[in-house]
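Any value given below was found using the heavy atoms of this structure, including those in side chains, with hydrogens, waters and symmetry copies removed.
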Amino acid sequence: MNQRVAFPFSRLDAASVGFMGWRIGDPGEPLVPATDIFEGWDYERDLEVGARFEIDFDRAAAQLDIPLDQLSMALVLKAGTGSGKIPRRMERIQTRKLVPAAPEFEVRAVVTGSRLSGRLLLEAGIVLDAEPASPGALSPAMAGARLWTNRKDILLEDGGAARFPLETISFASAFAGQPHASAPWYVHWRSGLLDADFGGAVRVYVNADNTELCERFVAGDPATVQAVLGDVMSQMIENVVAMPDCDEALADCVEGSVGDQVRNWLDMAFPGQSLNKIRAELTGAPGRFRATIMAAAQVGEGE
């Protein structure tokens, strides 16, 4: 249901701000209209987003009751990401000062793939860039006041349900002198934070120093992806199942959270089994327990 917000000052309408819609694609390439789902994305793929505008400055000045020579506005472009409905971060990726001499313009910015997960939330906003000397009674008078906003929520591929935020880095540089500096990959997460957004709380680092492994993983080699995904699943499932109150904790977890993802993995690996039975398997037959999870992580060619 749409919610209406009553602002204490005048704002710009669609007649003042000609917005031609969001566009998306690969950096440096022609962009295509953005839809609700962007197919074929992975964490190694950067994205470029853009939008075209046409501002009617005379109408905007009249609508805001600010003399045209005192009207100072800026367009702010932001991008947010996260696997749940609420982005774990919103970052300003471009700011452009608006001037009457250039009423038509396009903004474009690159969003790094390694910083994305699950969803891409785009926001374009026009704000008051400076306080006017003689504003009207209902004019916005404070710098930073929002005059117009448009948002676009894009699901990346299938929403990242079977994926995780991933980054390839040199372990020799990033983890120099640490015990795991020569590990093929490393899962960074904190135990117990089941309510945290999965895309923000979990990150997998693949060791770029191991060029053969990186090439196989980026190419989607099924055995390599299964090994990495299976290890992530095993680490998190074993930790959560061992929690004394995991039944209640998992039941309360919302969509997109760490607990929700672990719950989905449990259903994949141990369909129809109670947590008590799964816990008994972990304690009594840890090898079979781990092998069952690894089998559930199997992917097919091209997945």
Side-chain angles (χ1 to χ4, degrees), residues 24-29 38-49 79-83 87-91 93 108-120 154 156-191 193 196-239 258 261-262 265 290 293-303:
I24 191 169
D26 294 313
E29 300 294 329
F38 186 82
E39 300 285 353
W41 174 81
D42 62 54
Y43 293 100
E44 294 295 320
R45 183 181 183 183
D46 297 341
L47 296 176
E48 186 169 16
V49 297
T81 189
S83 61
R88 70 173 187 263
R89 67 164 73 94
M90 283 293 290
E91 296 181 348
I93 55 177
R108 293 175 67 142
V110 174
V111 184
T112 306
S114 62
R115 299 178 67 83
L116 292 171
S117 67
R119 309 187 80 89
L120 172 60
I154 302 172
L156 298 177
E157 203 167 47
D158 295 323
R163 293 179 171 269
F164 34 79
L166 181 141
E167 186 173 346
T168 57
I169 62 174
S170 169
F171 282 26
S173 299
F175 307 123
Q178 299 186 42
H180 58 287
S182 60
W185 60 81
Y186 163 53
V187 187
H188 176 74
W189 71 293
R190 292 182 61 187
S191 173
L193 301 178
D197 178 83
F198 179 78
V202 180
R203 184 160 291 271
V204 178
Y205 297 100
V206 176
N207 193 346
D209 304 321
N210 190 329
T211 55
E212 183 180 354
L213 170 71
C214 279
E215 289 174 358
R216 292 203 308 265
F217 191 90
V218 172
D221 174 64
T224 305
V225 175
Q226 181 179 10
V228 177
L229 178 58
D231 184 52
V232 177
M233 292 170 61
S234 294
Q235 286 192 42
M236 301 186 71
I237 288 175
E238 290 175 24
N239 180 275
V258 170
Q261 184 62 71
V262 171
W265 284 338
R290 176 69 64 87
I293 296 173
M294 292 295 291
Q298 184 177 16
V299 297
E301 293 286 348
E303 285 191 78

### Task
Applying salt bridge (charged side-chain N to carboxylate O under 4.0 Å, His left out), name anything that partners Glu238, two or more places apart in sequence or on another chain.
Arg290

## Note on the structure
The side chain to side chain donor-acceptor pair (under 3.5 Å) partners of Ser182 (sequence neighbours excluded) come to none

### Task
Indicate yes or no: at least one non-hydrogen side-chain atom of Leu120 is less than 4.5 angstrom from one of Phe38.
no

### Message
So, using side chain to side chain contact (heavy atoms under 4.5 Å, CB included) as the criterion, who are the partners of Gln235 when residues are at least two apart?
### Response
Val187, Trp189, Asp231

### Query
Is Trp265 close to Ile293 at the side-chain level, that is, under 4.5 Å between some pair of heavy atoms?
no

### Query
Closest heavy-atom contact between Ala208 and Cys214?
CA-SG, 3.5 Å

### Query
Does a side-chain heavy-atom distance below 4.5 Å link Phe175 with Ile169?
yes

#### Entry: Distance, nearest 0.5 Å, that separates CD of Glu91 from CD1 of Ile93
9.0 Å

### Query
Who passes side chain to side chain contact (heavy atoms under 4.5 Å, CB included) against His188, sequence neighbours left out?
Tyr186, Tyr205

#### Entry: salt bridge (charged side-chain N to carboxylate O under 4.0 Å, His left out) against Glu212, all qualifying residues, sequence neighbours excluded
Arg216

### Message
To the nearest 0.5 Å, what is the distance between CZ on Arg190 and CG on Asn239?
### Response
12.5 Å

### Query
For Ala196, which residues count as a side chain to side chain contact (heavy atoms under 4.5 Å, CB included) partner, sequence neighbours excluded?
Leu193, Ala201, Val258

### Within-4.5 Å side-chain heavy-atom neighbours: Gln261 and Val202
no

### Query
For Ala297 and Met233, which heavy atoms make the closest approach, and how far apart are they?
CB-SD, 3.7 Å

### Over all atoms of both residues, closest heavy-atom pair of Leu213 and Trp185
CD2-CE3, 4.2 Å

### Summary
dist Asp46:CG -> Asp26:CG (nearest 0.5 Å) comes out at 9.0 Å

### Query
Ala172: what forms a side chain to side chain contact (heavy atoms under 4.5 Å, CB included) with it, not counting sequence neighbours?
Ser170, Asp209

### Query
Are any side-chain N or O atoms of Gln226 and backbone N or O atoms of Met294, one a donor and one an acceptor, separated by less than 3.5 Å?
yes

